[in-house]
Amino acid sequence: MVEVFGEPDANLREVLISQVDLTEKVGQLGDQITRDYQGKSPLLVAVLKGAYPFLADLARCIDLPVEIDFMAVASYGSATKTSGVVRLVKDLEIDISNRDVIIVEDIVDSGLTLSFLQKNLMTRAPRSIEVCALLIKQGLQKTKLDIRYSGFTIPPDFVVGYGLDVDQKYRNLPMVCTYKSATGN
Ligand code: 5GP
């Protein structure tokens with residue numbers, strides 16, 4: 001059990017990634033992007049809502065004049081299982097033609113969301129598209145994914161915190177925790 005908001009929470013099994021480890025990893029990803037995009041002004045495209053803390057922290061670790069825009073897709077409902085169906089709910093405001101785009105994702109599970117986004121953005125003629133994903137679930141990807149920047153590979157359990165929710169809750173936890181399984185174990 002993990003203590004959050006001043007009391008033990010029986011829904012949280014353990015802290016999987018601490019705030020300290022998140023900060024260190026996000027710093028390393030920011031450094032890599034800074035090195036790789038010297039002389040460029042990449043456009044960070046974050047996927048709402050889960051990627052918001054990662055985007056905010058990552059952007060401040062990139063020492064380049066980045067721009068930021070958001071997309072929202074629906075893949076999970078309020079349950080802890082993916083429907084496998086991905087739908088665009090909010091589109092970008094910035095024209096990405098001829099831009100160096102970096103998709104900033106919170107977590108890659110089946111990879112369906114990411115491959116949907118990559119295909120969708122590719123049709124808009126960007127100069128380049130790369131992916132920066134904080135968490136990758138081990139072995140669950142249904143298609144081969146090209147992820148240039150990745151944070152942590154994690155076991156295939158449902159997790160919350162640092163942007164990730166259950167029914168819109170836990171997004172503001174500063175760490176990533178394992179959530180009890182859907183059966184309550
Ligand atoms: P995928 O399309 O790769 O199966 O799923 C990606 C999306 O599903 C993520 O952007 C996230 O919204 C949601 N998701 C996948 N795994 C988890 C998880 O363990 N916890 C939470 N809260 N959301 C998840």
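Counting starts at 1 for both ligands and their atoms, in listed order. Positions are given from 1 along the sequence.
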What atoms in ligand 1 come closer than 4.0 Å to a heavy atom of [X]?
| X | value |
| --- | --- |
| K137 | 16 (N), 17 (C), 18 (C), 19 (O) |
| E105 | 10 (O) |
| D106 | 9 (C), 10 (O) |
| L112 | 2 (O), 3 (O) |

Exercise. Is V47 near ligand 1, meaning one of its heavy atoms is under 4.0 Å from it?
Worked result: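 No.
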
Exercise. Are D165 and ligand 1 in contact, using a heavy-atom cut-off of under 4.0 Å?
Worked result: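 For ligand 1, residue contact (heavy atoms, under 4.0 Å) with D165 is present.
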
Taking [Y]'s backbone N and O only, do any of them form a donor-acceptor pair with [X]'s side chain (distance below 3.5 Å, no angle check)?
| X | Y | result |
| --- | --- | --- |
| K137 | S110 | no |
| D69 | I94 | yes |
| K90 | F70 | yes |
| D167 | K169 | no |
| Q38 | T34 | yes |

Exercise. Does the N or O separation between V159 and ligand 1 drop below 3.5 Å for any pair?
Worked result: yes

Exercise. Considering distance alone, does some N or O of G111 sit under 3.5 Å from an N or O of ligand 1?
Worked result: yes

Seminar exercise, completed: Check: of V73, L164, I154, min heavy-atom distance to atom 23 (N) of ligand 1 comes from L164

Side chains of residues 41-60: which donor-acceptor pairs under 3.5 Å do they make with residues two or more places apart or in other chains?
unit_1 : atom_1 : unit_2 : atom_2 : d
S41    : OG     : P65    : O      : 2.6
K49    : NZ     : Q168   : OE1    : 3.0
D57    : OD1    : R60    : NH2    : 3.0
D57    : OD2    : Y162   : OH     : 2.6
R60    : NE     : A56    : O      : 2.9

For this session: Measure the spacing between OG of S115 and CE of M122 and express it to the nearest 0.5 Å.
Result: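 That separation rounds to 13.0 Å.
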
